[in-house]
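A short write-up of the structure that comes next.
In what follows, residues are counted from 1 in the order of the sequence shown. Atoms within each ligand, like the ligands themselves, are counted from 1 in listed order.
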Amino acid sequence: MSLLPTATVATIARHVGQRVTLAGWVYHKTEKGKLIFILLRDGSGTIQCVTFKKNVSEATFATAQALTQESSCRITGTVRADERAPGGYELDVEEVELIGASHDYPITPKEHGVEFLMAHRHLWVRSSKQHAILRIRAEVIAAAQEWLNEQGFVRFDTPILTATAAEGTTNLFATDYFDLGKAYLAQTGQLYVEAGMMAFGRVYCFGPTFRAEKSKTRRHLTEFWMIEPEVAFADHEDNMRLQEQFVSAIVARVLDRRREDLKVLERDTTMLEQVVPPFPRITYDQAIELIANHQGEVEGADPLPWGEDFGAPHETLIASKFDRPVFVERFPSAVKAFYMQPDPNRPEVALCADLLAPEGYGEIIGGSQRIHDPVLLEQRIREHGLRIEDYEWYLDLRRYGTVPHSGFGMGIERVVAWITGTRHIRETIPFPRQLYRIYP
Ligand code: 4AD
Ligand code: MG
């Protein structure tokens with residue numbers, strides 16, 4: 001016999017007056033003499049199940065009494081609309097069946113330190129706030145992919161085991177690869193997705209990416225998920241236009257479909273409602289000036305000499321001057337990856353942009369126009385101390401029908417942290433991988 005429920009909490013409104021079976025876990029339970037209130041969590045939501053002694057058998061009442069936090073069970077009863085109930089509905093219980101007991105569940109309603117919760121991440125994901133964050137994560141991913149699909153992009157999956165570096169050689173995870181030497185976990189799918197772009201015109205890859213960064217900031221993971229669109233015949237301006245539409249569509253969909261989760265997180269959505277194109281744009285040079293003019297406003301955002309990259313405090317300061325995400329464009333080529341197209345009017349800067357989220361969440365997108373000239377690309381590869389042999393296939397893309405093209409990478413966790421108002425990125429992925437964390 002199937003154990004599947006006949007209804008879910010999310011769709012309970014359709015069942016008013018009907019007898020249904022729900023299946024889930026006990027979130028909370030209180031007893032008041034002849035009444036037992038079971039707050040049942042089924043993954044789609046929570047509902048109060050009211051067990052009245054006189055309405056059920058003695059055995060059922062005893063089973064209900066014995067239920068503990070996170071015991072799994074099936075509860076059968078009649079759905080009743082009730083304005084006073086948190087979700088608007090309650091279940092009048094007729095039968096309770098225990099499936100799996102749970103004794104001394106480690107996460108109790110009292111406060112726990114974040115270290116404890118992180119060590120119990122496999123259980124913590126059941127809690128209401130974590131649940132809301134991870135649901136929004138799923139929505140962001142679905143929104144991003146569906147939007148790109150609708151715009152004619154083809155998903156083009158790129159390898160995780162790779163032979164080369166794309167985003168610098170200092171943060172590669174290496175592993176032995178049979179007789180072929182070292183393989184590296186992909187820092188980006190970009191180089192491969194460029195091959196896809198030449199085949200399909202508009203493509204994107206989406207998957208986990210890896211950076212062996214020894215940074216302990218609240219914005220860095222060693223394993224994070226990135227979605228990377230790449231477009232043929234698109235220049236730097238086209239690239240920024242695509243990004244602002246893309247990000248706006250994702251935010252709008254979360255506001256539309258995940259209001260309840262944002263409420264659970266007590267997210268003030270005022271700033272999110274303003275996320276519509278066009279986004280403001282400033283150059284790297286203007287950003288340097290802005291930082292100098294607002295010295296002392298954000299701790300650690302000290303003035304920088306031209307040519308240095310921003311730290312997290314600088315990004316926070318820059319973003320604080322705008323009411324929506326802001327592009328910082330045309331960084332010095334020296335601080336950026338080898339593949340970026342130089343500005344024809346000013347070759348020391350690249351046709352690239354970082355998109356900074358408001359409210360201190362930092363860079364959510366990095367993107368650029370790519371070098372399409374084989375000679376210049378080869379020169380850049382050499383200048384970066386990389387071995388030409390490793391990049392022959394990538395150079396081929398420029399030897400056989402090259403086109404100007406552009407693309408970008410959006411970090412899912414950064415976006416989820418911003419949209420959900422989660423200070424630390426570690427809560428935006430089910431199992432974060434960090435410098436000091438690989439368990440559970
Ligand atoms: O700016 P990044 O390094 O760009 C690239 O990897 C390009 N190849 C993308 C492309 O053009 N196709 O990374 C892109 C984004 C960042 O803006 C950030 O959102 C995220 O990836 N990111 C990280 N997220 C979490 N932890 C880290 N250590 C991250 N490093 C980058
Ligand atoms: Mg970047």
Side chain, backbone, both or neither: [X] near ligand 1, heavy atoms under 4.0 Å:
X: E363; value: both
X: R211; value: side chain
X: Y339; value: side chain
X: F408; value: backbone

Within ligand 1, which atoms have a heavy atom of [X] less than 4.0 Å away?
X: T188; result: 6 (O), 8 (N)
X: R370; result: 10 (C), 11 (O), 12 (N)
X: E228; result: 8 (N), 9 (C), 10 (C), 12 (N)
X: I364; result: 17 (O), 19 (O)
X: I365; result: 17 (O)
X: M226; result: 6 (O), 13 (O), 14 (C), 15 (C), 21 (O)
X: G366; result: 1 (O), 9 (C), 10 (C), 11 (O), 17 (O)
X: R219; result: 25 (C), 26 (N)

Return the residue, atom name and 0.1 Å-rounded distance of the protein heavy atom closest to [atom].
atom: atom 5 (C) of ligand 1; value: E167 OE2, 3.4 Å
atom: atom 18 (C) of ligand 1; value: R414 NH1, 3.6 Å
atom: atom 26 (N) of ligand 1; value: L221 N, 3.0 Å
atom: atom 31 (C) of ligand 1; value: F224 CZ, 3.4 Å

Legend entry - Aromatic centroids of Y204 and F246 separated by under 6.0 Å: no

Inset, instruction - Measure the acute angle between the ring planes of W393 and Y192, then classify it against the limits of 30° and 60° as parallel, tilted or perpendicular. - result: parallel

Inset, instruction - Look at the rings of F310 and Y284 and say which category their plane angle falls in: under 30° parallel, 30 to 60° tilted, over 60° perpendicular. - result: parallel

Legend entry - Ion pair K336/D354, N-O distance below 4.0 Å: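 Yes, K336 and D354 are salt-bridged.
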
Inset, instruction - Decide if atom CZ of R14 counts as having more than 12 heavy atoms of other residues, nucleotides or ligands within a radius under 6.0 Å. - result: no

Inset, instruction - May I ask you to check whether over 12 heavy atoms, not counting those of R84, lie within 6.0 Å of atom CZ? - result: no

Legend entry - Donor-acceptor pair, side chain of R267 and main chain of I419, under 3.5 angstrom: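 It does hold such a pair.
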
Inset, instruction - May I ask you to decide if D302's main-chain N or O and H314's side chain share a donor-acceptor pair within less than 3.5 Å? - result: yes

Legend entry - Check: T209/R211 side-chain N/O donor and acceptor closer than 3.5 Å: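 Looking only at side-chain atoms, R211 and T209 do not form any donor-acceptor pair under 3.5 Å.
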
Legend entry - Name of the E363 atom (N/O/S only) found closest to the Mg ion (ligand 2): OE2

Inset, instruction - Using a 4.5 Å cut-off on heavy atoms from C-beta on, say whether the side chain of L395 contacts that of L377. - result: yes

